[in-house]
Engineer: 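What follows is a single structure, and I will ask about it in a moment.
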Amino acid sequence: MVSRSFQQVDVFVSGSLTGNPVAVVLDAEGLTDEQMAAFARWTNLSETTFFTRPRDPSADYGLRIFTPGEELPFAGHPTLGSAHAWLRAGGEPKAGTIIQECGVGLVSIRRDGDALAFAAPPLIRSGPVDASDLDVIQRALDLRPSDVVAANWVDNGPRWIGLLLTSAQRVLDVRPDFAALGSLHVGLIGPYRDSGPQDRPDYEVRAFVPEIGVPEDPVTGSLNAGLATWLRAEKVAPARYVASQGTALGRAGRVFIDDDGTNIWVGGRSTTIIAGEVDL
């Protein structure tokens with residue numbers, strides 16, 4: 001075994017221990033796929049990442065992303081958490097923007113004060129959801145057809161199906177039957193419509209991925225990126241908004257969306273909770 005630099009980073013935080021943790025191994029040189037998958041199962045977090053040497057000379061680093069059940073070509077909160085860990089460990093981007101190489105290709109990450117944001121990658125699959133899949137989802141989440149304003153594939157790697165519900169409260173009221181969801185990866189979003197505190201977010205989001213060992217993900221960058229790509233294209237959501245996620249789990253994650261006309265940026269704040277070494 002080799003001693004390797006390690007950080008556990010809380011991502012999309014609004015305060016202490018409010019986001020989604022990711023385990024980050026800053027040097028995966030010599031590790032096999034099986035060793036990386038085994039460590040990801042051991043951490044039992046929604047994702048664990050491993051830094052590798054990039055193949056593309058324009059990239060600052062390569063990143064592999066594992067859930068407890070599989071490897072993903074892309075995921076949002078591991079992208080931001082890993083970039084945060086890399087910068088904290090002394091990483092310096094070749095240009096002003098950090099370039100990550102992962103399964104979907106090159107992902108740009110920008111710094112905005114104490115926050116980081118990634119450019120949403122293109123959707124691998126978009127368009128209407130099959131009626132049979134939508135029926136399974138509605139039954140598993142105990143949703144009436146009138147609760148669902150629209151549904152669409154928003155797959156940018158993790159095979160997301162997105163549902164726009166009538167309200168944020170309807171999103172929070174969902175009590176999922178995880179077994180009934182089967183292999184479907186489902187994200188919900190609903191707007192806050194009534195008046196509330198000045199700092200209240202614009203939307204509430206939830207993510208269900210029981211098939212890969214993550215029944216409900218606390219805060220999900222890839223899903224928020226896919227939802228923003230869909231809702232901006234349909235002119236349903238404003239160019240800038242804030243989404244809350246994790247409320248149903250007692251978290252208070254905050255995801256900041258900014259469509260600058262060229263890219264949709266998905267951002268938030270991160271903080272390192274654990275730093276040291278891991279023997280792998």
Side-chain angles (χ1 to χ4, degrees), residues 11-12 19-20 46-47 65 67 72-80 104 118 120-130 133-143 147-178 180-192 201-234 236-237 241-249 251 253-257 264 266 268:
V11 187
F12 295 124
N20 195 0
S46 56
E47 279 98 5
I65 304 167
T67 74
L72 296 177
F74 171 75
H77 100 271
T79 290
L80 296 186
V104 296
F118 66 84
L123 296 182
I124 297 169
R125 181 178 181 182
S126 59
V129 180
D130 290 344
D133 286 339
L134 188 55
D135 183 62
V136 169
I137 293 168
Q138 290 178 164
R139 290 176 183 273
L141 303 184
D142 194 24
L143 292 169
D147 295 324
V148 181
V149 177
N152 215 67
W153 279 93
V154 292
D155 180 9
N156 49 20
R159 306 190 302 279
W160 290 115
I161 294 174
L163 271 65
L164 173 62
L165 301 191
T166 52
S167 69
Q169 189 59 53
R170 190 65 191 92
V171 171
L172 290 171
D173 288 342
V174 164
R175 297 295 177 264
D177 179 346
F178 293 121
L181 276 177
S183 62
L184 297 173
H185 300 185
V186 179
L188 307 178
I189 185 169
Y192 282 96
D202 303 294
Y203 293 90
E204 188 69 37
V205 171
R206 294 178 74 180
F208 307 118
V209 212
E211 181 208 17
I212 60 174
V214 188
E216 180 165 359
D217 198 31
V219 201
T220 318
S222 61
L223 173 61
N224 276 281
L227 292 171
T229 300
W230 168 41
L231 297 178
R232 285 294 298 145
E234 296 294 327
V236 171
Y241 66 84
V242 180
S244 169
Q245 193 177 347
T247 306
L249 299 174
R251 308 282 180 91
R254 293 292 184 271
V255 181
F256 296 84
I257 301 296
I264 295 176
V266 182

Engineer: Any chance you could measure Leu223, atom CG, to Gln245, atom CD, to the nearest 0.5 Å?
Structural biologist: 6.0 Å
Engineer: Which salt bridge (Lys or Arg N to Asp or Glu O under 4.0 Å) pairs, counting each pair once, include a residue from residues 155-165, with sequence neighbours left out?
Structural biologist: Glu70-Arg159, Arg159-Glu211
Engineer: Sorted by first residue and then second, give each salt bridge (Lys or Arg N to Asp or Glu O under 4.0 Å) pair with at least one member in residues 214-224; sequence neighbours left out.
Structural biologist: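 For residues 214-224: Arg206-Glu216.
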Engineer: How close do Gly19 and Arg251 get, heavy atom to heavy atom, and via which atoms?
Structural biologist: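 Scanning both residues, the minimum pair turns out to be O-NH1, 2.5 Å.
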Engineer: To the nearest 0.5 Å, tell me how far Trp153 CH2 sits from Trp230 CH2.
Structural biologist: 13.0 Å
Engineer: For Tyr241, which residues count as a side-chain contact (heavy atoms from CB on, under 4.5 Å) partner, sequence neighbours excluded?
Structural biologist: Asp202, Tyr203, Ala228, Ala237, Pro238, Ala243, Ile257
Engineer: Looking at CD1 of Ile137 and CG of Leu181, how far apart are the two atoms once the value is rounded to the nearest 0.5 Å?
Structural biologist: 7.0 Å
Engineer: What pair of heavy atoms forms the shortest contact from Val205 to Val171, and how long is it?
Structural biologist: C-CG1, 4.4 Å
Engineer: Any non-hydrogen side-chain atom of Val174 less than 4.5 Å from a side-chain atom of Leu143?
Structural biologist: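 Answer yes - side chains close enough.
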Engineer: What is the minimum heavy-atom distance between Leu80 and Val266, and which atoms define it?
Structural biologist: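 Scanning both residues, the minimum pair turns out to be CD1-O, 3.8 Å.
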Engineer: Check whether any side-chain heavy atom of Ile189 lies under 4.5 Å from a side-chain heavy atom of Leu231, and answer yes or no.
Structural biologist: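 The answer is yes, as the side chains (C-beta and beyond) meet within the 4.5 Å cut-off.
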Engineer: How would you list, by chain and number, every residue that makes a salt bridge (charged side-chain N to carboxylate O under 4.0 Å, His left out) with Asp133, sequence neighbours excluded?
Structural biologist: none
Engineer: How would you list, by chain and number, every residue that makes a side-chain hydrogen bond (donor to acceptor under 3.5 Å, both in side chains) with Tyr192, sequence neighbours excluded?
Structural biologist: Glu204
Engineer: If you round to the nearest 0.5 Å, how far is CG of Asn152 from CG of Leu227?
Structural biologist: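 Between Leu227 CG and Asn152 CG, I get 9.5 Å after rounding to 0.5 Å.
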Engineer: Would you list the pairs meeting side chain to side chain donor-acceptor pair (under 3.5 Å) in which at least one residue belongs to residues 160-170, sequence neighbours left out?
Structural biologist: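 Those involving residues 160-170 are Asp147-Arg170, Trp160-Ser222, Gln169-Asp173.
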Engineer: Of all the heavy-atom pairs spanning Phe74 and Thr79, show the shortest one and how long it is.
Structural biologist: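 Nearest heavy atoms, Phe74 then Thr79: CE1-OG1, 3.6 Å.
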Engineer: So which heavy atom on Pro122 is nearest to which on Asn156, and how close?
Structural biologist: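 The answer is O-CB, 4.0 Å.
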Engineer: Could you report the tightest heavy-atom contact between His185 and Pro158, atom names first, then the distance?
Structural biologist: ND1-O, 2.6 Å
Engineer: Can you list every pair that meets salt bridge (Lys or Arg N to Asp or Glu O under 4.0 Å) and has a residue in residues 222-231, with sequence neighbours left out?
Structural biologist: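 Passing the test, one end in residues 222-231: no pairs.
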Engineer: Once you round to the nearest 0.5 Å, how far does CG of Asp142 lie from CZ of Arg175?
Structural biologist: 10.5 Å
Engineer: Kindly write out the residues that satisfy side-chain hydrogen bond (donor to acceptor under 3.5 Å, both in side chains) with Asp177, not counting sequence neighbours, or none if the list is empty.
Structural biologist: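 By the side-chain hydrogen bond (donor to acceptor under 3.5 Å, both in side chains) rule, Asp177 matches no residue at all.
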Engineer: Got a sec, which residues hit side-chain hydrogen bond (donor to acceptor under 3.5 Å, both in side chains) with Glu47, two or more places apart in sequence or on another chain?
Structural biologist: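 His77.
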Engineer: According to ring pair (Phe, Tyr, Trp, His ring centres under 6.0 Å), who are the partners of Phe208, at least two apart in sequence or on a separate chain?
Structural biologist: none
Engineer: Taking only residues two or more places apart in sequence, or in another chain, which ones meet Arg125 in a salt bridge (charged side-chain N to carboxylate O under 4.0 Å, His left out)?
Structural biologist: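 By the salt bridge (charged side-chain N to carboxylate O under 4.0 Å, His left out) rule, Arg125 matches no residue at all.
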Engineer: Please say which of Val209, Leu134, Ile161 ends up in a side-chain contact (heavy atoms from CB on, under 4.5 Å) with Leu184.
Structural biologist: Ile161
Engineer: For the CD1 atom of Ile65 and the CG atom of Leu72, what is their distance to the nearest 0.5 Å?
Structural biologist: 6.5 Å
